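Presented below is the structure to which this report refers.
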There are 2 protein chains.
Amino acid sequence: MSNLKQLAQSLGLSITTVSRALDGYADVSPATRERVREAADKVGYRPNASARRLRKQRAELVAVTLPSDPGHIGPPHFIDMLSGCAEHLAGAGLNLVIAPVPRGESELEMCRRFVDGRRVDAMLLVRTKRHDERVEFLQSRGIPFVTNGRTESLMPHAFIDGDGFSGFREATLRFHAAGHRRIGHIAGPQEYYFAHARHRGWQAAMDECGLEADLCAEGAPTEQGGYLAALELLRLPRRPTALVCATDEMAIGALRALREIEGGEAISIVGHDDLPIGAFASPPLSTMRMTGENLGASFASLLLRAIAGEPAESLQELRPIEFVDRESHRRPFPEA
Amino acid sequence: MSNLKQLAQSLGLSITTVSRALDGYADVSPATRERVREAADKVGYRPNASARRLRKQRAELVAVTLPSDPGHIGPPHFIDMLSGCAEHLAGAGLNLVIAPVPRGESELEMCRRFVDGRRVDAMLLVRTKRHDERVEFLQSRGIPFVTNGRTESLMPHAFIDGDGFSGFREATLRFHAAGHRRIGHIAGPQEYYFAHARHRGWQAAMDECGLEADLCAEGAPTEQGGYLAALELLRLPRRPTALVCATDEMAIGALRALREIEGGEAISIVGHDDLPIGAFASPPLSTMRMTGENLGASFASLLLRAIAGEPAESLQELRPIEFVDRESHRRPFPEA
DNA sequence: CTTGACTCCCAAAACGTTTTGGATGACCTT
DNA sequence: AAGGTCATCCAAAACGTTTTGGGAGTCAAG
């Protein structure tokens, strides 16, 4: 409705002066600056976003990929992250836009659409694979981006990730210290970095303890996937006495399997993610969580620094995993 | 990197012709159209989004307000809704952008920023109040918008909402038919339309049954709010034998209160939202849910029709509520 | 040969900003 | 009075697209 031209005309000034007055440049007198500001306030003037973006060659937008396959990030945490990130970005004049993956289109094509159309200044990638084609594409295009989760890319890139290896190693050692010797692992799809890292953590602990790392079953990162994988392990002749599960959702599925099997109530279990739902499982699910407050704000700050041109090496945060002690990991096991 | 000018030059054509060829106009010959398309494909040309938006005077963006105060689970299935909506909008060339509310700024100011800066073509408002200033503002500006939840605005506006009144009325009648006579209501903040409608539904049922509608406590729409409100009712001399809770989250808090109180296990309870977490509560929480598939796609389609200029009256969907039968609503009550 | 219709193409304007590179005086200095 | 320094302002260009309003050329009909 109202633009610079009209505002300038009504003030008897040029649009240059009005624009510079509003941006606080020193080459407009304090008197006119104030006059301009008042007039702008009165008519509620806001610069047209598209025009500014075109001129400044910045989209003022950051896209975040939504993991649409099942086994998505749990709603509560993800919404908080989104909210924190958007809020923090808004402080720098950027908005967060959702990058859905329309059916029939690959995530790569989606990235291409956003990047080549100059629709975004940066991207936030959520579920990384060990070899992630989106990462390679963005690196080749030189677009700033931050990932939630590492990759095995040779070129370094910005990320925030939990130290799943150490978390799962320690969880496994904890079971060992409690007397368990047959410790199983319910693994997520190994093409995802997080699932692979957690698997390696379990494996390393088993090696350290001189135990065979053979009680492992892989499944989809869902309740059903956890259920099926757990059944697979529980049907073995020498079944595990403790289960380390890649995600809480899988752990909840595993709990269902335990309920269906004789002696299942004597098997200990631990998950990862700290889903609120876990506290209501029976028994309440012990779990792990990434340390640190306001993940979203951290992502936003990394994104801003990436846009500002900081090298990827200085934009990597590997966060420790902390144990959340509830009940499921210390069930009495009568296995003397 | 690549723009119309370069593409046109490389083809020996004018930018007009190239632009029209790509847009499939009839006034460019099939031969050149094909030639242009091939060249565009080869260099991966995509029109600059900001430039097109400026010229077409459309932002190609829709903003969605985020409901979640941190720590609170928020509307059920919100991520799914977001994802479905974004995907559906993308089919029409629109992207979904998150409208955060920076601290110190009201939701109204946030709307103003988006609308006056011409940053969006439409808005999706999520948690409506009975008197919602955002609704009034958008109506006065003539910006297309759709709300999740009705308001008491005199002017009609587009919305999708569950029929909370009927849902809660029927839930209350169901308790009455099961023999309950002291049916309490755990209410949400009454300035929210959904909370008020649910309250009225309970009240209407009590009236119909000739029962006093006095067992009502209001609380924040959180686990803790439900817990406190439930305690309030349970401490009354003639405490309720059944509780109708405004949301699942509050119901889960109420379940916690029941566990702490003598005879609590004999009190029946029902919630609303069908949070996945409810299935894991003990006892599994009976609840209600809005009928209909893919809420996000429905919102998207309403938004598109609103942008196309359809009148608000034809963009209103009131959806029936269906009962989700688990266990918590039929606990044996020994109260003869 | 002229006229009109039709096909294919294009120059220029417009969208609303920000930024560049002065222009115009006023005021001091010498 | 000339030269220099400031303070304040502005015209015009640029960002990359879409759309308007024709302009050539061809062909058939009159």
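Just so we're on the same page: letters track the sequence lines, and every chain starts at 1. No hydrogens, no waters, no symmetry mates; every other heavy atom, side chains included, goes into these values. Just so it is clear, the structure is predicted and the values come from calculations on it, not from any experiment.
Put simply, A/Ser29 has a side-chain N or O that comes within less than 4.0 Å of OP1 or OP2 on D/dC9. A sub-4.0 Å separation between OP1 or OP2 of D/dT19 and a side-chain N or O of B/Tyr25 is present. One finds no side-chain N or O of B/Tyr45 lying less than 4.0 angstrom from the OP1 or OP2 phosphate oxygen of D/dG16. Phosphate contact (OP1/OP2 of C/dT18, side-chain N/O of A/Gln57, threshold under 4.0 Å): absent. Neither OP1 nor OP2 of D/dC9 sits under 4.0 Å from any side-chain N or O of A/Thr17.
Counting any heavy atom pair closer than 4.0 Å across all strands shown, B/Ser50 reaches no nucleic acid atom. Using a 4.0 Å heavy-atom distance criterion, B/Ile15 is classed as a base contact. If you check every strand for non-hydrogen atoms under 4.0 Å, A/Asn48 touches sugar and phosphate atoms only.
Residues B/Cys85 and B/Leu303 share a closest heavy-atom pair of SG-CD1, 4.3 Å.
Comparing B/Lys56 and A/Arg55 by the nucleotide of DNA chain D that holds the closest heavy atom to each, the one mapping nearer the 5' end is A/Arg55.
With A/Thr151 as the partner, the side chain to side chain donor-acceptor pair (under 3.5 Å) test is satisfied by one option alone out of A/Glu136, A/His131, A/His157, A/Lys129: A/His157.
For B/Thr16, taking side-chain heavy atoms from C-beta onward, the closest of the listed nucleotides D/dC15, D/dT17, C/dA11 is C/dA11. Distance from the side chain of B/Val28 is smallest for C/dC9 among the nucleotides C/dC9, C/dT17, C/dT19. Nearest to the side chain of A/Leu4, among C/dT17, C/dA11, D/dT17, sits C/dT17.
B/His77 places none of its side-chain heavy atoms less than 4.5 Å from the side chain of B/Leu295.
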